[in-house]
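I have placed the structure first, in the form of structure tokens, so that the comments after it can refer back to it.
Whatever order the structure lists them in is the order used to number ligands and atoms, beginning at 1. Residue numbers start at 1 and run along the sequence shown.
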Amino acid sequence: MAGGANDSDIIGIDLGTTNSEVAIIEGGKPTVVREDGEAILPSCVGLDDAGTVIVGQQARNQAAAAPERTVLSIKRLMGSGTQVRMGTDAYSPQEISAFILKALKERADRALGRDVRKAVITVPAYFTDAQRQSTREAGEIAGLTVVRIINEPTAAALSYESGAAGSRTLLVYDLGGGTFDVSVVRIEEGVVEVLATAGDNQLGGDDFDALILERLNTHLETELGLEHAREDRLLQARLRQAAERAKIELSDRPWVRVEEDHVGSVDGEARHLAWELSRADFERDLQPFVDRSLQAVTTALQDAAVRPSQLDRVLLVGGSTRIPRIASVLAERLAQEPHGEVDPDLCVALGAGVQAGIEMGQDMQAVLVDITPYTFGTRAAGELYGEPYAHQFVPLIRRNSKLPATRTEVFYTVFEDQEEVDIKVYQGEDPDALKNVEIGTFLFSGLNRHRDAHGQGLLFTYSLDLDGLLHVHARERATGREIRGVVENALGRSTDEALGAARERVSALWGEAGGESPAAAGDAAAAVPADVARAVEESLARAESALDAAPAEDREEMIDLMEDLRDAVREGRVDQASELRGKLDEILFYLE
Ligand code: ADP
Ligand code: MG
């Protein structure tokens with residue numbers, strides 16, 4: 001409970017691949033913020049016709065018509081170091097995510113009537129160090145201090161059972177748009193402890209859409225004679241949406257009909273799509289994915305040393321668990337019906353809200369004990385399958401250890417005059433270090449400055465913090481001297497300058513855009529985005545103090561402008577407010 005009592009607001013954010021939500025704490029309880037009755041903000045960012053940033057449903061609506069200026073499922077690229085194109089420019093995944101976070105933050109601002117600066121953000125338990133780091137950076141770019149990163153299944157469990165008496169063991173099965181997580185969680189007198197977790201961060205509803213899309217494309221090629229259908233980006237985006245709609249419908253009925261006009265033409269003759277898919281066929285395609293997820297369930301149960309019969313509850317989280325086959329297969333495997341009373345869309349955000357409340361110092365009747373889903377380790381010369389091998393994986397912090405976790409190891413320099421050592425850190429379970437995910441290289445230099453230091457060794461301490469991020473410290477044993485390590489290539493970590501530049505870029509684009517655009521936010525949102533409001537406040541304050549000294553005709557104009565500006569802000573006319581502020585600033589420029 002870092003920080004203890006804290007009177008400033010902290011919000012809880014579920015930053016999903018497909019959908020995101022934000023929870024605030026009201027009256028000691030988390031509530032998911034709704035706007036126009038809608039809690040879900042599609043995790044979609046785009047530029048509209050005028051080049052203005054749009055987030056949410058409005059961006060999603062244009063995805064098929066304008067794929068080149070719309071970004072979907074950005075979470076899948078977090079930590080990858082690649083960039084995405086939106087319109088004419090390229091953006092990092094952190095920047096795109098920052099737009100989503102800004103939209104959520106402003107929802108919370110409007111609901112609370114205050115400017116929120118801190119957040120708890122959830123990530124899939126299986127997110128790597130680089131992915132977690134990128135999530136934290138996205139928060140910073142959005143102007144939010146990320147006080148804590150927690151795992152999504154843990155959050156789901158927190159929302160469900162915080163404060164319940166007695167001891168319970170839960171299995172949380174979270175199948176969303178892009179990722180799959182399964183965790184075994186024990187709750188004892190309000191203490192939530194994750195016993196084990198497993199999953200796959202490349203498995204989710206997007207893959208199921210792709211299955212249907214594949215069938216559609218085959219149909220277009222073989223039945224309609226549209227040989228180049230797959231190369232038509234616009235058509236593919238349209239079909240992908242049709243595929244998702246079909247998938248969702250199949251959750252409620254045994255077959256679905258997909259109809260799309262003008263999907264192409266052959267010899268100048270238009271072709272239309274009218275096609276049927278049965279649930280049975282879809283489920284057959286789905287089976288390999290279902291099997292993969294069941295394997296993860298078995299792994300998590302084994303790691304936790306829990307038998308299915310010892311589970312008190314099975315929680316279904318994530319939109320894809322609405323597929324009937326998922327629930328039935330799980331029920332069969334675990335010999336009990338999954339639980340239906342948690343809202344699969346909102347429980348992760350609610351749990352993030354519970355954690356936010358804890359961080360605020362409120363009594364949420366819950367304490368979170370989380371674990372690492374990965375083993376962290378280094379490499380050394382050793383053996384692999386009985387053969388000498390230079391990159392043997394040496395585990396330091398094992399999978400399913402409680403967080404925070406530390407481990408200290410002694411290391412001896414190889415040569416008497418060795419002044420440098422670099423430590424490569426990996427996460428994963430393979431005995432071959434090179435088959436695990438490399439987190440980065442930590443370089444320690446200035447060793448052996450003291451003659452007798454060699455031979456006594458260096459103490460390396462690896463610590464995994466509460467957010468699942470790794471830190472490495474070294475100390476010279478002979479002298480007790482701390483040796484500063486330099487992170488050479490901690491993958492996914494940006495420099496402060498890069499973050500600062502990203503923050504400026506994002507707020508500049510945002511300032512003009514005005515947050516969730518009025519169309520997306522609805523008329524009820526009669527408030528300008530916090531960034532604009534702040535800028536207006538600043539201009540008004542400057543104008544106040546310049547007023548007395550101003551020439552009479554300027555003063556009159558200023559007073560009029562200030563009045564109009566205050567009205568515009570009060571009535572949520574964002575564009576006008578920006579324009580008026582511009583005019584006011586112009587006068588101030590000559591006066592100050
Ligand atoms: P994430 O947490 O990854 O953002 P969600 O938990 O919001 O994702 O789930 C989104 C996924 O759930 C999407 O792939 C969506 O198509 C799918 N989905 C939503 N409702 C249904 C449904 N009724 N049947 C099948 N899939 C659904
Ligand atoms: Mg989710």
What residue and atom, counting heavy atoms only, is the protein's closest point to [atom], and at what distance?
{"atom": "atom 24 (N) of ligand 1", "value": "S251 OG, 2.6 Å"}
{"atom": "atom 16 (O) of ligand 1", "value": "E244 OE2, 2.5 Å"}
{"atom": "atom 14 (O) of ligand 1", "value": "K247 NZ, 3.1 Å"}
{"atom": "atom 3 (O) of ligand 1", "value": "G177 N, 2.7 Å"}
{"atom": "atom 7 (O) of ligand 1", "value": "N19 ND2, 2.8 Å"}

List ligand 1 atoms under 4.0 Å from [X], heavy atoms only on the residue side.
{"X": "G205", "answer": "14 (O)"}
{"X": "G178", "answer": "3 (O)"}
{"X": "G318", "answer": "6 (O)"}
{"X": "R322", "answer": "20 (N), 22 (C), 23 (N), 24 (N)"}

Do [X] and [Y] have side-chain heavy atoms sitting under 4.5 Å apart?
{"X": "V194", "Y": "V184", "value": "no"}
{"X": "I149", "Y": "T122", "value": "no"}
{"X": "K102", "Y": "S507", "value": "yes"}

Do ligand 1 and [X] have nitrogen or oxygen atoms that lie under 3.5 Å from each other?
{"X": "D209", "result": "no"}
{"X": "G319", "result": "yes"}
{"X": "S320", "result": "yes"}
{"X": "T18", "result": "yes"}

Using 0.5 Å steps for rounding, measure from the NZ atom of K75 to the OG1 atom of T135. 7.5 Å
Going by the closest heavy atom to atom 2 (O) of ligand 1, which one wins out of G16, P324, G204? G16
Using heavy atoms and a 4.0 Å limit, tell me yes or no: is I323 in contact with ligand 1? yes
Exercise: do [X] and [Y] side chains pair donor with acceptor under 3.5 Å:
{"X": "Q241", "Y": "R60", "value": "no"}
{"X": "S183", "Y": "Y173", "value": "no"}
{"X": "S73", "Y": "D206", "value": "yes"}
{"X": "Q62", "Y": "Q58", "value": "no"}

Give a yes or no on whether E332 atom CD has more than 12 heavy-atom contacts from other residues, nucleotides or ligands under 6.0 Å away. no
Would you say the ring centroid of F289 lies under 6.0 angstrom from that of F180? no
